[in-house]
Structure formats: C-alpha cells, structure tokens
Amino acid sequence: MLNNQKKSMLELEVKNLNKKFGGLHVLKNLTFGIKGPELVGLIGPNGAGKTTLTNILDGAIKPSSGTVYLNGQRIDQLPPFEVAKVGLGRTFQVTRSFRRMTVLENLYVPALAKHVAVDKSEVMRRALEVLDFLTMDHLRNEYAQALSGGQQKLLELGRLLMLDPDIIILDEPFAGVHPKLMEIIYEYIRKVNAEGKAIVLISHQMDSIFSLCKRLLVLNYGDLIADGEPEDVKHDPVVVDAYLGKDDDEDSKSTNDIKQNST
Amino acid sequence: MNRQQTLWLISILIIVFFIAFPFLYGRKDYDYIMHVCITGFFYAILASSWSMLAGYAGQFSFGHMAFMGLGAYGTALFSHYFYLSPVPTNLCTEFEIGDQYFIIKNAVGVTSSTLDQDCLTKALAVWDGSIQITPMPIWIGIILGALLGGIFGLLIGMLVLRLRAAYLALFTLGFSEILRATISAEIKITRGQAGIELPYLFENGISIFGHEFSKTDKIPPYYVMLFLLLACMAVLAWLAKSRFGLFVRALREDEDAAAALGVNTVRFKIMVFVITSTMAALAGAVQAHYIGIITPNNLMILQMSLVVAMAVIGGLENFAAAAIGAIIIQFLLELLRESFVIGGVEVDMTLWRLVFFGAVLMITLRFYRNGLITPIIEFFTRAHVASETVEKRGFQKTEDVE
Ligand SMILES: Nc1ncnc2c1ncn2[C@@H]1O[C@H](COP(=O)(O)OP(=O)(O)OP(=O)(O)O)[C@@H](O)[C@H]1O
Ligand SMILES: [Mg+2]
C-alpha cells in the first residue's frame, strides 16, 4: 500500500543545526538522523534546548543555520502547517487543547486540515476509534476545557493520531500525569511506534525513558553530548558528569526503576 | 419532534414572520416601524458578521464600522462622480465608450456658490435640458463598495496577522479613526461632515406585481435588506458548519497548536477578515442607498460599540444569536424612546434608554458570558450532550473501581 512505501522511506536528517537567540547560543551545530520507526529519547537538563529543537523541527521557529530534511524534503524553512502535512507532529510541553471546542472537534481539526477531500463519516469513525483507545469515549461531546489536565494530554495525543504523521515528538508527555494515565500513554507510545511511526520522547523521567527507548540523545546546553543505546549512554562519563550523575540519589533511583521494569 | 427539529421550525417561523410582516402590520406608524426593521436587519448583518470575526475567529477588530463605511462611501462616490452622456461635455474628464461618453465629474466639495460649480453642472446648464445624462446603475456601485471593503479587509487582515488581542483591537480602532478623519478632512471629494448624498435604492420607483412603489416607500428596501440578511446568514451558517468554521475556532483557541496540526492559520485569518469585511461593506452600501446620505459620523466609535454590544448581548460565539440580538436591541432602543411620567416626574427615555442598554450589557458580560440568545439556541442543539455525558461518566466511574 501507499502507506507502507511512505514508511519505508521515513527519515529525519538534521545537519549542522544552530540556533541563537541574540547572544544566546541555544543549539550548537547539532547533527543527527532518525531512520525508520525508531523510539528515541531526548534528554537534557532544564534549558538544554529540547523544546527549542522541537520548535525548529516543527517549523514554529527558524534555525539560525543548518538544515532539516524529512523524507527527503527540506522542512526547516517551511511553516508548521506544511511540516505537519509532510509528516511531523508534536505535542506541547504545556498542554494546548482547543479549550472551547468539543473533544470530537479537537480531533476533527488535524484530520480535516491534512486532507482537503475527506469523507466526514470516515473521519468520525477514526475519531471514535481514537477516543476508544484513549478511554475517553464518554467525553466526546464535552468541551476540552471541562477535561482534567491529564485527559487534555491524552486529547493532544489523540489529535496526533488523527494527523497521522510519520514522526511524533512528545514534549514531556508524563509531566503531572497519574500512574494509571501513564499506563495509557506508555501503551500509546508502544502501539504508535509498532505501527511504524518514529517517536522522539522528551522527558525528565529517567525510568520511563530507559524502559521505552532504544536510543538516547543527550542535549547539554545546546551540545549533543551523546547519541547511542541507553545502557552505553548511561555509563558515558560525559553524560554522567553533565546530567545523570549530578545527584547520586537520583541515579540509583532511576537504575532501580529500570531493574523493576525489566523484570 | 426532537429539539433540533423544533429549532428548525422556530427559525422558519421567524423568517416567515418577517417576510409576511409588511402585510400584517397596519398601524399608522407603519413607515416608522418598517424603518426600525430595516435598520435592525442592517445591524443584524453587522453584528452577525462581526460575531464570525470576533466570536468564532477571535479577531477582536474594532474596525467593522470602517468596512461598513468603505462600502457606503464606495458606492456614494461612484454614483456621485460617474455618469454616462450621449454627447461630450468638453468640460469634464471623459472617455468615449461605444456611442456614450463616460463622464467623470470633478470634485468641488460642499458649495452652493455659482462661482465654483462642477463641470457637469456647468455642462447641464449649457445644454438647458436638451441632453439627458444617465447615472450609473447603483448595483454596480454596491458591488464595487463591497469589493472595496473586501480589499481593505485583505490589507488589514495581512497587517494584523501577528497582532494579538489588545493590539489587534487598538490597531483596528486606529484604522477606523484614520478612515473617518480622512473622510471628514477630504471635503473636496467626500463633502466632509456635510455627508454625501446617494440615489435611493429605487430612485425611479419600482413596480412589483402591478403595485407601484415610490422611491421612499419602505416595502422594497425592507425586502432588499431582509434578503441581504438572509443571504449573509446562509453564508455564515455554511461557513460555521464547514471546515472553515472549525479551523477559525481552532486558531482562536490556540494559533500555534492549530498550525502544528496542519491548519494554514494565516490563510484562514485573512479569509475571515475578507469575508466579514465584504459583508459589512455590502450592508453599508445598501443601507446608504436606503437612507440616501452617508456622513463620517456613521463610522464613529459609538456606532462600533453598538454593534459590539448587540453581538455580545445576543451571543458573541453564535452568529444567529448575534443577529437576533441586534434586531431585538434595535427595537428596544426605539420603543424605549417613549418618555413617561412617574410620580409627577417626567423620565426622558431618549436619554435613559442608553443607561438601560448599558446596564443590560454589563449584566450580560457579568452573568451571561455566552449572551442572552445563545443559551436558548444551545438548549435545542446541545442539551442532550450534557445528560449523555453524565450518564456515561457514572458508568465509567463504576468501571474504574478495580
Ligand atoms: N524565544 C526565546 N527567546 C530567547 N531565549 C529563548 C527562547 N526560547 C528558549 N530560549 C532559551 O533557550 C534555552 C533552551 O530553552 P528550551 O526551552 O529549549 O529548554 P528545554 O531543554 O526545553 O528545557 P526544559 O527541560 O526546562 O523544558 C533556554 O536558555 C531558554 O531561556
Ligand atoms: Mg522544554
């Protein structure tokens, strides 16, 4: 099918990417790529530049220099709505649902925006499917502002499913989320990834990152200081020094969590 | 019959009522009441199109009356300066078109002195009634006026793209005032505060089903304005239901999120400006031909606040509610003109009605943020939703207990 062809060429290429805000050099010569349906964790201390990188990939802000290609198409100069259509979707660190629109309407927006000619009943069917998966079926006619914070996060994830991009960047999907909801998000990430989408997961929760991701990117004040398998990255002295090892307690705690999760 | 169907029935009854009204009403203040209706329809077009702009798309423009004015002045200037004549005047700027001459009258401003007459008046004096000149058809002027509004809507839409909330309001307010000041100042062309006269909608009268109507009869303009209102409502209804409505509401809620989900926010923002400005300009052009004169005072901020208040009281986020609100308020404002005596003190309602109006506005803003009409409409369209959700939520809760 056409879909499969698209997925086989899924490729994000970031080359020599720089971003300066005035004198502040926020992203320093980043080069990395994502090939195929990878599940990549992006970590780094507060202010490392993770959200800025997301904003550049998504087209919301333009890089100072460097290029970004998605599936062979240059996207770093495109506006966000075109990047979305090329195949990159993202969530926001601070949840941004369309508050005074119903849950269903929230879901319709990306579906109708992506394709000019769509069968509305097909969109409706997809939306109900998505809500079912997110266990939010009973809320479909509620205004988004009536949802809890966690449910709004789920709604944002649901909108991405309706956009159906090739690569998804999740900026802190676990922040302020109850364990039960976390389960749903875990399942979401695994399922969406298994369906052939690449996922970039930004999180400060090391246990989640280590249990989900097969590859880690570590940003430290604009420098990409590590890129590799989680186990290697975890023991990389540079990373330990810059990020993981700052607090001994933190480190041992997250290691424990990994052990728990792997059993 | 479910509630949705009831709503349809009520809407149709309201429309039928207004269509039949001129034949049902027979009191001796007929012309006055008809005039209130026509003005009510005019404001309904402005309030409902503004609700699309401000309520649906979240673009709180205070320039809507300026677009109305562009339409009115567009057609006024067109009919004032352009004529067709079978022979050249040899005084005016003129072009030969077929067997006619297209005459452009020169601008002389407000003058009654014989010293400073426009070229056409001079030519007519020479011809002394032997030559008939033809004014331009007013429908061309109305269309040009609407286009003028649309073009300025495009420009303003592009200029305010990056402006949000208060800045957009201030910018459009500034635009509106600049336009008004320019029209007031350009006395030579626009006749300034004196206003510019326009031919009536049916300057030579009109015959409908064998009945002759004069140019000041109210029935023909009543139906013209009612038809215009219904046409605008149909367009707005279609827009609100289509992806356009969905996308402009999404960009109202969160522009960045809408863009990240594939919505071309720039395009839809500009489109909503162009469409609503064109509607305002169209209404302005037709209303100007109905009244027969347009002055810069029609563009005043006070007029804009009236439209805003009508939309807010009706319901900002529902164009139909805004339109109904406008008509009801127009009627209330007129009916409340009647002064009365209470305990020997005469209450001058021409002044107090505005206080009353202000109070209603404040109460609406404080207690009924959705307006007074929207909740009634939503009773028919959304009521089932809440109960359904409560039911399912209860179901979900029991399921959640493990
Ligand atoms: N629009 C902006 N103008 C100026 N500086 C900015 C702008 N956006 C981000 N920055 C700066 O860039 C740096 C990186 O910010 P960014 O939000 O990308 O960090 P982050 O890695 O997402 O942090 P966190 O983990 O706290 O979310 C910070 O120093 C921030 O102050
Ligand atoms: Mg961030």
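Quantities reported herein were computed from a predicted structural model and do not represent experimental measurements. Reminder, nothing fancy here: chain letters follow the sequence lines and each chain counts from 1.
Only the side chain of A/F92 has a heavy atom closer than 4.5 Å to any heavy atom of chain B. Contact annotation for A/L112: both backbone and side-chain heavy atoms come within less than 4.5 Å of a heavy atom of chain B. Both the backbone and the side chain of A/V109 come within less than 4.5 Å of a heavy atom in chain B.
Taking a 6.0 Å sphere around OH of B/Y167, one finds it holds 12 or fewer heavy atoms contributed by other residues, nucleotides or ligands.
Judged as a ring-ring contact (aromatic ring centres under 6.0 Å, His included), and not counting sequence neighbours, the contacts of B/F60 are B/W50.
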Practice task
Please test B/Q59 against B/T276 for side chain to side chain contact (heavy atoms under 4.5 Å, CB included), starting from the C-alpha separation and ending with a verdict.
Solution key: CA-CA 11 Å; B/Q59 308 297 305; B/T276 57; over 6 Å; no

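For the set B/N264, B/L251, B/V266, B/D256, the entry with the most heavy-atom pairs within less than 4.5 Å of chain A is B/N264. Among A/S97, A/A144, A/P110, the residue with the largest count of heavy-atom pairs under 4.5 Å with chain B is A/P110.
Using a 4.0 Å cut-off between charged side-chain N and carboxylate O, A/R100 and B/E253 make a salt bridge.
In summary, the aromatic rings of B/F247 and A/F98 are positioned with their centroids too far apart to meet the 6.0 Å limit.
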